[in-house]
Amino acid sequence: DLVDASLERIRETDSQIRAFLKVDEDGARERAKKLEGQSDGNPLAALPLGVKDNINTEGVLTTAGSKILESYSPLYNATVMEKLEKAGANMVGKMNMDEFGMGSSNENSGYFTTRNPWDLNRVPGGSSGGSAAAVATGQISIALGSDTGGSIRQPAAFCGVVGLKPTYGRVSRFGLIAFASSLDQIGPITRNVEDAAYTLQTIAGHDPLDSTSADVEVPDYLSALTGDIKGLKVAVPRELMGEGIDLGVKEQVEKALKQLEQLGAVVEEVSLPHIDYAVATYYLLAPAEASSNLARYDGVRYGLRVDGENLVDMFSRTRSTGFGNEVKRRIMLGTYALSSGYYDAYYLKAQKVRTLIRRDFEEIFNQYDVVVGPTAPTTAFKFGDKTDDPLTMYLNDICTIPVSLAGLPAISVPCGLSEGLPVGLQIIGRPFDEAGVLKVAHAYE
Ligand code: GLN
């Protein structure tokens with residue numbers, strides 16, 4: 001059956017792809033037995049599911065890609081896991097990721113690096129690279145990822161699959177290991193738009209366990225997939241089609257825009273005047289929040305402890321050993337930005353620019369239904385290409401970060417190949433209009 005086929009495919013391919021941090025073979029087989037004949041009618045019933053390793057799974061190791069959580073086995077399920085299990089989805093394992101979600105290539109995993117199935121010398125993207133590579137390889141049917149600044153959409157684009165980041169607050173973050181709490185969202189990575197709609201339908205909705213989850217009605221996403229986008233107004237920000245975007249990527253996106261026009265949409269150019277500040281803003285706010293969220297890894301409450309001569313020495317040895325370089329870099333950036341005397345100059349300023357970026361989008365959405373552009377400025381790059389200079393790595397998220405700062409829903413769908421590698425088309429919607437985003441993606445697909 002489905003789980004056997006998934007486990008077989010993992011056995012065949014994962015020594016090359018390395019998408020899984022853990023395959024829960026026994027658990028999956030047990031659940032498959034229990035599920036037999038039970039969840040009839042549910043579209044997700046018995047589907048093999050891969051879960052990014054920063055999402056708590058009861059009794060199954062959850063490391064967030066970090067050595068500091070090497071031995072952490074959660075006592076409870078994240079809300080999204082509860083919901084997916086109830087729908088009959090069967091988790092076959094936990095997916096590799098950049099440590100705590102910090103990265104765009106999986107090269108920051110504390111364990112090993114996942115490879116891109118289209119070219120094993122290239123990165124799968126990140127931080128949900130394991131999730132995207134596994135779906136692309138056919139190891140699993142659906143996966144969960146998390147997206148703080150692009151971590152669902154960019155790996156989906158690099159691996160030629162569909163990835164949806166919901167509106168901030170649409171999906172419960174209860175049981176998601178926090179990176180930057182005002183940006184983090186869980187979402188599906190799937191082979192097609194319909195599967196993304198089914199998965200979102202299952203995980204969306206208000207959760208009393210997450211005070212930032214929104215009490216907004218969840219529509220029927222499947223009924224949005226009509227294929228009809230006649231008269232729909234599509235905005236294309238010129239800043240996302242200009243300098244810094246690879247020509248091959250631009251070409252494929254332009255073709256996609258023509259196709260949307262052929263389907264009856266009206267495509268027009270617009271501007272996002274504050275987008276130049278987005279990456280700088282994100283790299284103040286996300287590390288600031290991360291430095292605070294990561295303070296809990298002190299050798300007392302979770303995971304790793306390295307003994308020292310006294311308490312402070314123990315904290316210091318534990319954190320020096322357990323965290324990787326990128327995580328340390330972010331903690332230093334974040335504590336600096338939050339320290340007294342610098343708070344107003346950096347953190348507060350960044351919050352103000354975040355508001356300006358959100359308003360840029362609001363203005364566009366007064367006149368347009370969706371905003372469309374590339375998901376990433378390049379296709380999948382080679383291992384080691386961007387590891388020497390963190391800034392060039394950060395800049396790979398230029399197309400996704402503004403959307404995260406504005407809290408908007410966005411999907412990446414495959415839109416052709418450039419030199420044999422997949423290109424992603426990003427479709428961005430109004431707050432809580434995942435239905436609109438899915439509709440356009442489905443019509444295009
Ligand atoms: N690549 C970005 C970062 O390193 C975004 C990661 C994410 O969305 N989790 O922060």
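Just so you know, ligand 1 is whichever comes first in the structure, and atom 1 is the first atom listed for that ligand. Quick note: numbers below take in every heavy atom, side chains included, and nothing from hydrogens, waters or symmetry partners.
With Y368 as the aromatic partner, K233 meets the cation-pi criteria of under 6.0 angstrom to the ring centre and within 45 degrees of the ring axis. A cation-pi arrangement is absent between R430 and F365 under the rule of less than 6.0 angstrom and at most 45 degrees off the ring axis.
Sorted by chain and number, the heavy-atom contacts of ligand 1 below 4.0 Å come from G101, M102, G103, S104, S127, D147, T148, G149, G150, S151, F179, Y282, Y283, R330, D397.
A donor-acceptor distance shorter than 3.5 angstrom exists from the side chain of E239 to the backbone of L272, with no hydrogens or angles considered. Q154 places no side-chain N or O within 3.5 Å of a backbone atom of D397 that could act as its donor or acceptor partner.
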Please tabulate, for side-chain N and O atoms in residues 241-253, each donor-acceptor pair with protein atoms closer than 3.5 Å (sequence neighbours left out).
residue: K250; atom: NZ; partner: M241; partner atom: O; Å: 3.3
residue: Q252; atom: OE1; partner: K255; partner atom: NZ; Å: 3.4
residue: Q252; atom: NE2; partner: L417; partner atom: O; Å: 3.2

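Using a 4.0 Å cut-off between a side-chain N of Lys or Arg and a carboxylate O of Asp or Glu, K94 and D53 qualify as a salt bridge.
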